[in-house]
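All values below were derived from every heavy atom in this structure, side-chain atoms included, with hydrogens, water molecules and symmetry-related copies excluded. Note that ligands are numbered from 1 as they come in the structure, with each ligand's atoms numbered from 1 the same way.
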Amino acid sequence: MGGVAGGRLAAAVSRAGGLGMIGVGTAGSVELIERESAIPREAALPFGIGLLGWAVECEPSLLDAAIDAQPILISLGFADIEPWVQRVHDAGILLATQIYDAKGARDAQAKGVDVIVARGGEGGGHGRNDVATLPLLQVVLDEVDIPVLAAGGIGTARGLAAVLAAGASAAWIGTAFLVCPEALTPVAARSRIIRAIETDTVYTRAMDVAMNFPWPTQFGERVLRNDFTDRWSGNEDDLIQEVGVRTALSRARDEGDFDLAEIDAGQGVGLLSTPRSAEEIINGFTDDATELLGRWTRTLGSQTTLELDE
Ligand SMILES: Cc1cc2nc3c(=O)[nH]c(=O)nc-3n(C[C@H](O)[C@H](O)[C@H](O)COP(=O)(O)O)c2cc1C
């Protein structure tokens, strides 16, 4: 999660038994990669680095820096990843990519990706909005034979248990960690995130259009609704003409004015009610998912007994 997941959050997630990712978003730089990756590496913790493919196309040194940082996993997407697969593998690093439909999953496997992230439209941040997590996961699991991680809307152990029961190898989770003390989320954004309910997000390209970021047009982002999205989401053509919007949004991003600036968050934001550490979140996910899956197995067992008795 660019701008949210730095080395401190990645280290906390890995220390608790997950694999913490460092997000290198639109504001990413070689210096950021070096600084943030030093935190988990110096603590001898495994970590991953997430890069925006189109940013690597503009600035290839981002991938060099990510490889030099010695993560165990690099996530690349939002561009054709084929030119980078061999380089990442030659460095002994696993490669993940997010996909949004069955064709994307087949293509990623054919290109040699190690891990597929099946990301449904309810997820926070950038992606596509075409298919929700569960239908996507089901179709993708039948299409590929490499590990598939489920992403989008997994906010509690119930969601984790559901995707593991369906056959996902793990869950790839963002929004649930937004208000961790270890996250880089600005203070002014945290209270909005806590207050938000599950219907308070919108999928939009408005901010990217206003900022003139070179995101491929098939990708929008899921954000918390605010004055800016109410005014401009769906009116992007008019937005391009509007003088001064970019300056205003740019200033709002710098000053943390979230009536205008975006807060990336998925529909699972409604499940966030109190700030908890990464360790508490991960323990809650794993302990309760184990309990839920065990309960389901026991229910199945007792039904079989019933049927045999009859
Ligand atoms: C604040 C935020 C920033 C994100 N930044 C990135 C990013 O830089 N690169 C990326 O591939 N995905 C990014 N994502 C998407 C996540 O990788 C993941 O797909 C998503 O969070 C999963 O859905 P969830 O938010 O419902 O858990 C971001 C998500 C959030 C919430």
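- Near ligand 1, Met1, Gly2, Val4, Leu52, Phe78, Gln98, Arg119, Gly123, Gly124, Gly125, Gly152, Gly153, Trp172, Ile173, Gly174, Thr175, Leu178, Asp264 each place a heavy atom less than 4.0 angstrom from the ligand.
- For Arg158, the CZ atom sits in a loose shell: 12 or fewer heavy atoms of surrounding residues, nucleotides or ligands are nearer than 6.0 Å.
- Of the charged side-chain nitrogens involved, at least one lies within less than 4.0 Å of a carboxylate oxygen, so that Asp80 and Lys111 count as a salt-bridged pair.
- Put simply, the side chain of Thr175 gets close to the backbone of Gly266: a donor and an acceptor are under 3.5 Å apart.
- A heavy-atom distance below 4.5 Å is found between the side chains of Leu149 and Ser169.
- Within the structure, the side-chain hydrogen bond (donor to acceptor under 3.5 Å, both in side chains) test picks out the following pairs touching residues 4-32 (sequence neighbours left out): Glu31-Arg35.
- Using a 4.0 Å cut-off between a side-chain N of Lys or Arg and a carboxylate O of Asp or Glu, Arg295 and Asp288 do not qualify as a salt bridge.
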